[in-house]
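When a ligand or atom number is given, it counts from 1 through the structure's own listing order. Any value given below was found using the heavy atoms of this structure, including those in side chains, with hydrogens, waters and symmetry copies removed. Numbers here simply count residues along the sequence, with the first being 1.
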Amino acid sequence: MKIYNLFPLTVMQEKISIEESERKILINEIKKMKSSNYENKKNTYAWTGDTKGHEFLFSNILFKNLSLKISNTILEYLKQLEINTNLLDIYYQRSWATFTENDQKINFHTHSQSNISFAYYLLKPPGSGGIIFKSNELQNEIAKNIFTSSKLEKSLIKKPNAFNSDRSMFDLEQDTIIIFPSKTAHATAPNKSGLPRISISGDISIMLKDSKGFEHLMPNFNNWTKF
Ligand SMILES: [Fe+2]
């Protein structure tokens, strides 16, 4: 017997190591950004720099070294998809930190304005919550809603796995990066560690260096006309 799993979603995980002294500096910088936003009560949701005026983290020189390391992993992700990066200009269009205190989480969302997104765990105590991916297109859904959680509770589905689930969670260690298509819905599980969790996220746009003969990918903005 042979099983083929066709048309997969590709999520890549990689380790990125930084010096502890650098981690300390970056954490302090992120805490400074967070404290610049007034919060009058404890929020259910994590602090996300992209919606708080801190969406260009990588233009901060302190994050230069980390952004270069992340760039290499993004190139590797594109390589796995057999995309010829020699033909592309690749940009961080925005980058930001998230700060999740105990019991906080982030609801499902997509980053529909970009191509590739990532999360790098700068500070990730055990139990501080994984990232959950969700699909609305279940290739194996042979009957409507057969894979919903209630079917699991009623033992119709014996065990969730990659072939019968509409969601999948990765609870990764500190210094891990996870890379995925920006259109993929994702959320974070609540932080139950009692300690803060800090991730660095970013959205990447790709565009053709030369769009001659191409129809669908974004032409280089050097050739755009502003009005
Ligand atoms: Fe996100």
Side-chain angles (χ1 to χ4, degrees), residues 8-16 26-27 29-31 33-34 37 39 43-60 63 66-67 69-78 80-81 90-125 127-137 165-193 195-206 218:
L9 167 71
T10 302
V11 172
M12 192 181 102
Q13 168 192 336
E14 180 61 290
K15 207 83 184 162
I16 291 181
L26 301 187
I27 289 172
E29 191 70 7
I30 291 163
K31 282 182 175 169
M33 290 173 204
K34 183 176 179 287
N37 294 129
E39 286 174 293
N43 215 311
T44 314
Y45 300 106
W47 179 89
T48 54
D50 57 328
T51 59
K52 298 286 192 302
H54 301 282
E55 72 273 40
F56 302 115
L57 198 68
F58 288 171
S59 57
N60 181 331
F63 290 85
L66 179 61
S67 74
K69 288 179 175 176
I70 290 175
S71 305
N72 288 331
T73 66
I74 302 298
L75 291 174
E76 186 56 43
Y77 180 79
L78 287 162
Q80 294 303 319
L81 303 186
I90 307 170
Y91 287 85
Y92 290 113
Q93 58 159 258
R94 55 177 197 162
S95 47
W96 65 96
T98 75
F99 197 105
T100 309
E101 295 186 73
N102 198 52
D103 278 337
Q104 291 183 332
K105 60 176 183 171
I106 300 172
N107 276 346
F108 276 106
H109 62 282
T110 64
H111 300 203
S112 52
Q113 88 297 345
S114 76
N115 300 118
I116 299 167
S117 298
F118 68 85
Y120 164 73
Y121 299 107
L122 180 67
L123 184 67
K124 179 92 171 25
S128 60
I131 185 166
I132 308 161
F133 294 101
K134 189 170 83 163
S135 172
N136 296 323
E137 292 169 54
S165 304
D166 70 344
R167 59 197 69 195
S168 189
M169 185 168 89
F170 294 78
D171 196 359
L172 303 173
E173 288 176 354
Q174 185 166 291
D175 283 335
T176 305
I177 186 169
I178 191 151
I179 304 168
F180 51 94
S182 301
K183 65 185 178 189
T184 313
H186 57 284
T188 65
N191 180 353
K192 294 289 179 191
S193 68
L195 298 165
R197 160 199 195 277
I198 300 176
S199 73
I200 292 175
S201 287
D203 288 336
I204 290 143
S205 277
I206 58 174
M218 190 186 287

Charged N-O contact under 4.0 Å between D203 and R94 | yes

side-chain hydrogen bond (donor to acceptor under 3.5 Å, both in side chains) partners for H186, two or more places apart | H109, H111

Which residues share a side-chain hydrogen bond (donor to acceptor under 3.5 Å, both in side chains) with S71, sequence neighbours left out | Y92

Is there a donor in the side chain of Q93 and an acceptor in the side chain of S205, or the other way round, less than 3.5 Å apart?
-> yes

Do S114 and S182 have a side chain donor and acceptor closer than 3.5 Å?
-> yes

Protein N/O/S atoms closer than 2.8 Å to the Fe ion (ligand 1) | H109 NE2, H111 NE2, H186 NE2

So which pairs with a foot in residues 95-111 pass salt bridge (Lys or Arg N to Asp or Glu O under 4.0 Å), sequence neighbours left out?
-> K34-E101, D103-K192

